[in-house]
*Asks:* 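Right, I'll just put the structure down here and ask away after.
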Amino acid sequence: MEKLQYDIKKRTSKIELPTELGFGKLFTDHIFEMEYNPEKGWHNPIIKHVENLSVHPGSMFIHYGQAIFEGLKAFKSVDGRITIFRPKDHIQRLNNSAKRICIPLVDEEFLLYALTELVSIESDWIPTNPGESLYIRPVIYGMDPSLGVKPSTNYKLFILLSPVGAYYPEGFKPVKILVQDNYVRAVRKGLGECKTPANYAASLLAAKEAKEKGFTQVLWLDGIDQKFLEEVGTMNIFVEFKDEIATPKLNGSILPGVTRRSVIQLLKDNGKNVTERGISIDEVIAAYKNGTLISLFGTGTAAVISPVGWLTYKDLKMTLNNGEPSNIAQYLFDQLSSLHILKVEDKYDWVVQVNNEEVEA
Ligand SMILES: *Cc1c(COP(=O)(O)O)cnc(C)c1O
């Protein structure tokens, strides 16, 4: 790989972050970019000022969706260090998504280096109130102007940064979920396990209709029989039974979440009986009726943990744990939030620390 280039414009004014950051509305000054062609491979790596992309209207990703992305977060630790949570796992997953969509793989070590350089340069943008973070969005897309359906030969990768607010500005609150059986998100052997825009396009109408009925999100069932639990909104799902915490096993249509993996590890280390297996909606309902269902919660980088307070399936309205977060959901949220900022010791080596030295432009 060529040497990383820098074209940095120093700010003349101080960064003033609004009190309500929201999610993904505000962007930092600089972006990382590199390009791919078959002769040079990935080349031209540069950190530069954010500008509009110049995209030919024939670019393949616009027409046929050949694109993938990631989402991860950087934080300021309790003692002022810069931390990134599990970046190697996210970069590995980017390459896994790339394989399925015929996108050329990236050098994982180099991308981690470029990512930490970018975060270091933009570290003044990392918000520091509890729950706030700098969201990191790597994207790769096919650039060829061509309407023939085939993999592109040229690609662009960029990493965009966005300071984001706490997911729960009014505290850790359970959400209202509708079990969706009119639409499916993904099918086995399809794109479900890739982080690709197509899966999000497939989810929009179901989420919109659920919102119109007063729900926060939908619980997705499997694409074949609409019988087994898959995910909740854009998060993985865990079900707390009396003697077991279960999550759907990765069967090809489920996104292998990094938060999901962290939660499994934390639960195991706490001696919990955590399983990865098929969980049918009938089993959840039966457990609700016989009193052995405690709660459900979603896991993902954006919300960390999202407790489900109310679950509706057809005519059945279920209230879980009196509409309160379960002890386990609360524990996982606190523990992961503490790990992010190194308030507790990171014995797993999940956190990558970033040098905060001045980078020469
Ligand atoms: C990104 C994503 C998740 C959560 O993955 P994390 O690595 O935990 O952020 C879950 N489901 C879908 C569909 C996703 O796109």
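Note that ligands are numbered from 1 as they come in the structure, with each ligand's atoms numbered from 1 the same way.
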*Asks:* Please write down residue, atom name and distance for the protein heavy atom closest to atom 8 (O) of ligand 1.
*Replies:*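 For atom 8 (O) of ligand 1, the nearest protein heavy atom is Thr259 OG1, 2.6 Å.
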
*Asks:* For ligand 1, which atoms, with element, lie under 4.0 Å from some heavy atom of Gly257?
*Replies:* 5 (O), 6 (P), 7 (O), 8 (O)

*Asks:* When you measure from atom 3 (C) of ligand 1 to every protein heavy atom, which one gives the shortest distance, and what is it?
*Replies:* Thr234 O, 3.3 Å

*Asks:* Any idea how Phe75 and His340 line up, ring-wise: parallel (<30°), tilted (30 to 60°), or perpendicular (>60°)?
*Replies:* parallel

*Asks:* Are any of the side-chain nitrogens in Glu33 or Lys156 under 4.0 Å away from the carboxylate oxygens of its partner?
*Replies:*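 Yes, Glu33 and Lys156 are salt-bridged.
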
*Asks:* Can you check whether Thr301 has an N/O within less than 3.5 Å of an N/O in ligand 1?
*Replies:* yes

*Asks:* Parallel, tilted or perpendicular for His49 and His30, by the 30°/60° rule?
*Replies:* perpendicular

*Asks:* Heavy-atom distances under 4.0 Å decide this one: backbone, side chain, both or neither, for Val258 against ligand 1?
*Replies:*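 The part of Val258 near ligand 1 is both the backbone and the side chain.
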
*Asks:* Could a heavy atom of His90 be found less than 4.0 Å from some atom of ligand 1?
*Replies:* yes

*Asks:* Quick check on contacts: which atoms of ligand 1 are under 4.0 angstrom from a heavy atom of Tyr200?
*Replies:*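 With Tyr200 as reference, the close atoms of ligand 1 come out as 14 (C), 15 (O).
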
*Asks:* Given Glu70, Arg93, Lys195, Arg185, which has its nearest heavy atom closest to atom 13 (C) of ligand 1?
*Replies:* Arg185

*Asks:* Among Cys194, Gly300, Ala303, which one puts a heavy atom closest to atom 4 (C) of ligand 1?
*Replies:*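 Result: the heavy atom closest to atom 4 (C) of ligand 1 is in Gly300.
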
*Asks:* With no hydrogens and no angle check, is any side-chain donor or acceptor of Tyr64 less than 3.5 Å from a backbone partner on Leu147?
*Replies:*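 Yes; at least one donor-acceptor contact below 3.5 Å.
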
*Asks:* Is it true that Asn199 lies under 4.0 Å from ligand 1, counting heavy atoms only?
*Replies:*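 No, Asn199 has no heavy atom closer than 4.0 Å to ligand 1.
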
*Asks:* Can the ring centroids of Tyr135 and Phe23 be said to lie less than 6.0 angstrom from one another?
*Replies:* yes

*Asks:* Heavy atoms, side chains only, cut-off 4.5 Å: are Leu332 and Gln335 in contact?
*Replies:* no

*Asks:* Just need the protein heavy atom nearest to atom 12 (C) of ligand 1, so name the residue and atom and give the distance.
*Replies:*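 Minimum-distance protein heavy atom for atom 12 (C) of ligand 1 reads Glu231 OE1, 3.4 Å.
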
*Asks:* Show me which atoms of ligand 1 lie under 4.0 Å from any heavy atom of Asn236.
*Replies:* 10 (C)

*Asks:* Relative to the ring of Tyr155, is the ring of Tyr36 parallel (under 30°), tilted (30 to 60°) or perpendicular (over 60°)?
*Replies:* perpendicular

*Asks:* Answer yes or no: is there a donor N or O on one side and an acceptor on the other, between the side chain of Arg137 and the main chain of Phe69, under 3.5 Å?
*Replies:*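 Not a single qualifying donor-acceptor pair exists.
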
